[in-house]
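Just follow the structure's listing: the first ligand is 1, and inside any ligand the first atom is 1.
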Amino acid sequence: MAWKTLDDMELSGKRVLTRVDINVPVENGVVTDATRINRIAPTVQDIIQRGGLPILLAHFGRPKGHRVPELSLQALVPSLEAAFNVPVMFAAECAGPAAEAASAAMQAGQVLLLENTRFEPGEEQNDADLAKGMAKLGDIYCNDAFSAAHRAHASTEALARELPACAGRLMQAELSALETALGQPDRPVVAVVGGAKVSTKLDLLGNLVAKVDHLVIGGGMANTFLAAQGLDVGKSLCEHDMAETAQQILVKAEAAGCQVVLPSDVVVARAFKAGAANETVAADACPPDAMILDAGSATVTRIETVFRGAKTLIWNGPLGAFEIEPFDRATNAAAATAAALSRDGALTSVAGGGDTVAALNKANAAADFTYISTAGGAFLEWMEGKDLPGVAALG
Ligand code: ADP
Ligand code: MG
C-alpha cells in the first residue's frame, strides 16, 4: 500500500487530527441512522487505547461557507459519546483560537469534536491557510473519511500535506476491500449502473465501458438510453438532452467489446406511488401517459444470465424505483441472484452508493455481498479508476 496506516504512527501523547464522515441523517434533532458514526468508532478507540488524543474534523450538510446553526455538529455530541463510550468535548470552530484552546485543554481518554468544516469558505476551496490553521491543532493527520476522499477540500487534501499523515481503520478497510476485489478483477466483469442521477453517472458509464465486459444499465438512467435510441418513454424520468452522450457511450462500448444490457421490457405506471396500477410492456411500447418505474421480468432473466457467467460484479444504482412497491421487484430479484452466487463463491460482488446499499438491505442481499462500501461518490470515482485526492494526499 502506498499510504501509511495508524500502525505506522507513534500515537502516545499525540493529538491526532482525524477527518471522519459523520454526515448522518437527522430528523427533528434525532440521528435516524448511526451507521457512519459506528463505523469510525474503531479508529477513535484505537487512537485512545494507544495514548493518543483524537480530534475530529467533519463536514455536515451543505452550509456553503456560512455558519448555519441548524448544521452545527454540536448536536451529534450525545450520539458520538454513546458510540465511543468516552466524553466528547466540542469546539465551536474548526480552526482558530477557540479550537486551539480546546485542543490544548484535552485530557487523555477524551475526544474533541470540532465544528462543521464547511462553515469555513476555505474548506471547499482546499485553502492552504485554513489547512495550516487546522494543522496547529494536532501532531498527526489521520483520514478516516473514504466517502469524502473524492473531494479535494482543506480537511481532506491540503491538511494531509501539513502533518505526518495516515489512513484510519475505516479508510484502510474500504481501500483494501476494493483493491482486493477489483484491483485485478477476475473476468468476466459485469457492472450494474442504475439509479436516478442520470447526468452525473453518464460520465461513469463512459469510463466503465472500457473496463468491464458487460454493462447493465437500469433505473432512470436506462430511460435516457432508450429515448436516445428513438423509443418513446412517455412521462418517464429521462434526460432527453443527454441523447447524444448516450449514443456515444453505446458506440464506445461496441468498440471496446463491452456488451451493454438495456431493458427489453419495462414496468410502467401512471402514478409514482406504492401499489399504483402497473403493467409490464415491451421497452418500445411505453404508453405516452405512463412512466417506466422498473425493469421487466424478461430483462431480469437476462441480467441473471449475465451474473451467472461473470466472476466479478460491481453495482451502483437500483434497477427501479425500489422505495415504492412493487417497483422494487427487478432490484430484489437481481440482488438475490447476486447474493446467492456470492454465497456459493462463484461471484465477487461489490456495491456502493447510499440508495444502492438501502436497496440491497431491503432485498436482504447485502450480507452476502463480498463488500459493501459506505461511500457513494468516492466509490463511483474509485470504480472509474480515478485518483481520489484524499487518498492520493496520504501517499
Ligand atoms: P445511489 O444513491 O446508490 O448512487 P441514485 O441516487 O443514483 O443511487 O439512485 C437511486 C434513486 O433512483 C432511487 O431513489 C430510485 O427511486 C430512483 N430510480 C430508479 N429507477 C427509477 C425510475 N425508473 N424512475 C424514477 N426513479 C428511479
Ligand atoms: Mg442517491
D355: its N/O/S atom lying closest to the Mg ion (ligand 2) (atom name): OD2
Salt bridge (charged side-chain N to carboxylate O under 4.0 Å, His left out) contacts in which one or both residues fall within residues 48-65, not counting sequence neighbours: D46-R50
Over 12 non-hydrogen atoms of neighbours within 6.0 angstrom of NZ in K273: no
D355 N/O under 3.5 Å from ligand 1 N/O: yes
Option nearest atom 27 (C) of ligand 1 (shortest heavy-atom distance, choices A321, P263, A375): A321
Under 3.5 Å side-chain donor-acceptor pair for K386 and N207: no
Residues T312 and R187: side-chain donor-acceptor under 3.5 angstrom: no
Cluster overlap I303 with L347, hydrophobic side-chain contacts below 4.5 Å: yes
Per-atom contacts, ligand 1 versus G353 - under 4.0 Å to a heavy atom: 3 (O)
Heteroatom distance test (G220, ligand 1): nitrogen or oxygen, under 3.5 angstrom: yes
Sequence-distant partners of N85, side-chain contact (heavy atoms from CB on, under 4.5 Å), two or more places apart: none
Test item: T18 side-chain N/O and L56 main-chain N/O as donor-acceptor pair under 3.5 Å: no
Any N or O of F272 closer than 3.5 Å to N or O of ligand 1: no
Heavy-atom nearest option to atom 19 (C) of ligand 1, drawn from G320, A196, P318, G218: G320
For K201, the ligand 1 atoms whose distance to one of its heavy atoms is below 4.0 Å: 4 (O), 5 (P), 7 (O), 8 (O)
For T356, the ligand 1 atoms whose distance to one of its heavy atoms is below 4.0 Å: 1 (P), 3 (O)
V193, V268, I292: member with heavy atom nearest to atom 24 (N) of ligand 1: I292
